[in-house]
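Written out below as structure tokens is the structure these notes cover.
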Amino acid sequence: MPAAPSGGVAAGGESPLDVLRRVFGFDAFRGQQQAIIDHVLAGGDAVVLMPTAGGKSLCYQIPALLRPGLGVVVSPLVALMKDQVDALRQAGVRAAALNALQPPAEAAATERAARAAALDLLYVAPERLLTERCLDLLSHCRIALFAIDEAHCISQWGHDFRPEYQKLTVLRERFAGVPLIALTATADEPTRKDIVAQLRLGRAPIFAAGYDRPNLYYRVVDKKSPLEQLRRFLANEHPEDAGIVYCFTRRAVEETAGWLTVHGREALPYHAGLDAATRERHQQRFLREEGVVVVATIAFGMGIDKPNVRFVAHLDPPKNLEAYYQETGRAGRDGLPADAWMTYGIGDVMNLLRLLDDAAPERRLIERRKIDALVGYCETTACRRQVLLGYFGERDHPPCENCDNCRAPPESWDGTVSAQKALSAIYRTGQRFGTQHLADVLLGNATERVCALGHDRLKTFGVGAELDRKGWLSVFRQLVAQGIVKPDLAHGGLSLAPPAADILRGAATIRLRREKKGAMPRESRSGASAAATLDPAERKLFEALRAWRLGEARRQEMPPYVIFHDTTLVELARRRPDSLAALSLVPGVGRSKLDRYGRALIAVLSKPAVVGTHTSAAPDEPSPPLGAERAAPGPARP
Ligand code: ADP
Ligand code: ZN
């Protein structure tokens, strides 16, 4: 890519806060950003552990702008580099990248710019950085700092080990005295230790921000007809939002994408069975268009940096809570409300247990515990965030008010007697029948099968009038989840596990969760759409701004969020600034973007058709045809 326009941004005498305001258009630092920046600015090393969307980037970008020389950012996510660099350039920062995906001429131009001290930030893939050519280039530059992004890649414990990360020690040897900052969202103890040891950060302070993602709304719904439940969830709460739907198998992925498409959603499948070109095309559409849903196996998501993913839906449960945290973590990176939604039923518990058979014997106990934790999360009547954070070692979190259980506390009831009936039905039918048949027996349904087996003559036949079929299925599911009943994984038949004895004898009681009534628990909330907090007129304005942004993004051939984040569009729609001065106060509008887009934005914001008032503004700007770009398929406009 060609060197960015002249005039770096580190004007003399500026403070970090000045740079935050002028370049990034934000008002104040978040969490520990200020402390980290001050520390690195003064030449210190640092380890930064912050959840996704915590705001890690500014922690090295701002010191790199304020310290003399070039900030070098090591990142394994080569596919994202172009977007990161584009976003910085939009903000007027002289940024560039070196990686294997770019044409040689572009790399040569970047190298020249680095040598000429005409760059503020350089993004490099680790394997590229480790070449003698690159190390030599850097040794001829003044280096402001090294930032090692996704630093967990250095650890074999991590989920994403990259051997070349371990060779980054060379930076400590060849660039002694240059501050080094390691950043990651994966903060477990062994990974943290590896990062510190291998990058020789023993004396560096660790800035840890905890795991919580407060803007994610966690919800688990009872699995009934999952596709229809998903369709309704999307129609009610995310009619126009981008999001990810996870399924367990490729077939389920294809089926779900097809179903959503038939129901009018732009839904693209993504799994390892598709050829690379198709996968790439689908990913690009997800990134570059608005409102696209990707239906995927876990193959999708690593390095998805799209900030305005408004929901992550699991039609099948994840493998464990680590995976759940990671997969749902892809939602709401911009800090706006987003949904983590899952359907869950008894079949899922069985499928998970079945996977245990594939685990190596020595891993089985660990895996079993992980499944128990996941099932515990799904079944809990307590705050889901507490369960999730507790699992990661944060045990003192107060109830969050932003999960289904906090908003609509589920009722629990003394299920001892019903459990006894259910257990007795299992026992008397010979411990080999599945839940549907057992429910028939309890309800006294003299089906052909029930009669043929003589189960209509059992003592338990028809004793379960207190619950309906759904109610009994829920009892069985909870008995399995609590380890009181054991499913036969091949045939789905249930048998008694040791704890069942105490319940049958009346020596133990059991509390069960009452299933919510109605087809789908519709909490009284209007959805997590970015524009959810806007009134109808503001929402129209937001749509108009989105359409304008999409047009601009296509013209410049980059994803929309590189131009402005949704957060900024929401604020623009709410405040409706009518002058450049007022516009500059909106979060996310720094000086460079004000120069580039200020007039166009004011034109969109004053467009009469949008708000129904008649103003005579919007004079000479070629204002975009509102809504037109959204509908128009195909790539860039001229
Ligand atoms: P991470 O790398 O930790 O996942 P990012 O650095 O991408 O997170 O930041 C997440 C989001 O928060 C981005 O949209 C970013 O612009 C925004 N952000 C970060 N710091 C601030 C701040 N101080 N004020 C407002 N927005 C911020
Ligand atoms: Zn909660």
Side-chain angles (χ1 to χ4, degrees), residues 25 83 86-87 90 234-235 237-244 264-267 284-294 305-311 331-339 526-577 583 586-589 593-594 596-612 618 621-637:
D83 290 351
D86 283 346
Q90 290 281 327
L234 296 188
E237 302 187 33
H238 298 285
E240 304 198 330
D241 293 328
I244 306 172
R265 283 306 294 248
E266 200 80 64
Q284 282 308 321
R285 286 193 55 197
F286 179 70
L287 295 178
R288 286 175 184 244
E289 296 175 24
E290 304 275 19
V292 172
V293 177
V294 161
D305 216 7
K306 186 179 169 81
N308 56 342
V309 175
R310 292 267 70 84
F311 64 88
R333 295 190 56 130
D334 53 11
L336 287 171
D339 273 306
S526 59
S529 168
T533 51
L534 300 177
D535 69 29
E538 291 167 346
R539 192 181 279 250
K540 270 196 173 157
L541 215 44
F542 174 78
E543 289 308 327
L545 290 163
R546 222 158 72 135
W548 167 81
R549 180 180 65 178
L550 187 61
E552 197 55 52
R554 286 196 172 144
R555 199 172 58 72
Q556 300 187 50
E557 296 183 28
M558 46 183 72
Y561 52 81
V562 166
I563 314 263
F564 283 114
H565 278 188
D566 286 3
T567 25
T568 302
L569 298 193
V570 167
E571 277 308 306
L572 285 169
R574 188 174 287 139
R575 302 186 192 188
R576 272 188 80 196
L583 195 58
V586 174
V589 184
K593 292 191 184 178
L594 189 68
R596 281 173 207 232
Y597 306 122
R599 283 159 57 79
L601 283 176
I602 287 174
V604 176
L605 288 165
S606 58
K607 186 112 174 129
V610 176
V611 287
E621 277 296 323
S623 34
L626 293 175
E629 289 94 333
R630 266 193 68 74
R637 294 185 300 149

Student check: side-chain heavy atoms of [X] and [Y] closer than 4.5 Å:
| X | Y | result |
| --- | --- | --- |
| Leu545 | Phe564 | no |
| Tyr597 | Val589 | no |
| Val604 | Arg549 | no |
| Phe286 | Lys306 | yes |
| Leu572 | Leu541 | no |
| Val309 | Ile244 | yes |
| Thr567 | Pro587 | no |
| Asp83 | Tyr561 | yes |

Task: Glu289: salt bridge (Lys or Arg N to Asp or Glu O under 4.0 Å) partners, not counting sequence neighbours - done: Arg285
Specify the closest pair of heavy atoms between [X] and [Y], including all atoms of both residues, with the distance to one decimal.
| X | Y | result |
| --- | --- | --- |
| Ile602 | Pro577 | CG1-O, 4.3 Å |
| Arg546 | Glu240 | NH2-O, 3.2 Å |
| Arg265 | Pro239 | NH1-O, 3.1 Å |
| Leu601 | Trp548 | CD2-CZ3, 3.6 Å |
| Arg575 | Val586 | NH1-CA, 3.9 Å |
| Pro559 | Ala553 | C-CB, 4.0 Å |

Task: Under 3.5 Å donor-acceptor, Lys593 side chain and Ile563 backbone - done: yes
Task: Gly291 backbone acceptor or donor facing Arg310 side chain under 3.5 Å - done: no
Open item on the list: Between Glu571 and Arg574, does the salt bridge (Lys or Arg N to Asp or Glu O under 4.0 Å) criterion hold? Intermediate values first, please.
Closed with: CA-CA 5 Å; Glu571 277 308 306; Arg574 188 174 287 139; 2.7 Å; yes
Hey, could you give me the [atom1]/[atom2] distance between [X] and [Y], rounded to the nearest 0.5 Å?
| X | Y | atom1 | atom2 | result |
| --- | --- | --- | --- | --- |
| Lys607 | Lys540 | NZ | NZ | 13.5 Å |
| Arg576 | Glu538 | CZ | CD | 9.5 Å |
| Arg333 | Asn308 | CZ | CG | 11.5 Å |
| Gln90 | Gln556 | CD | CD | 5.0 Å |

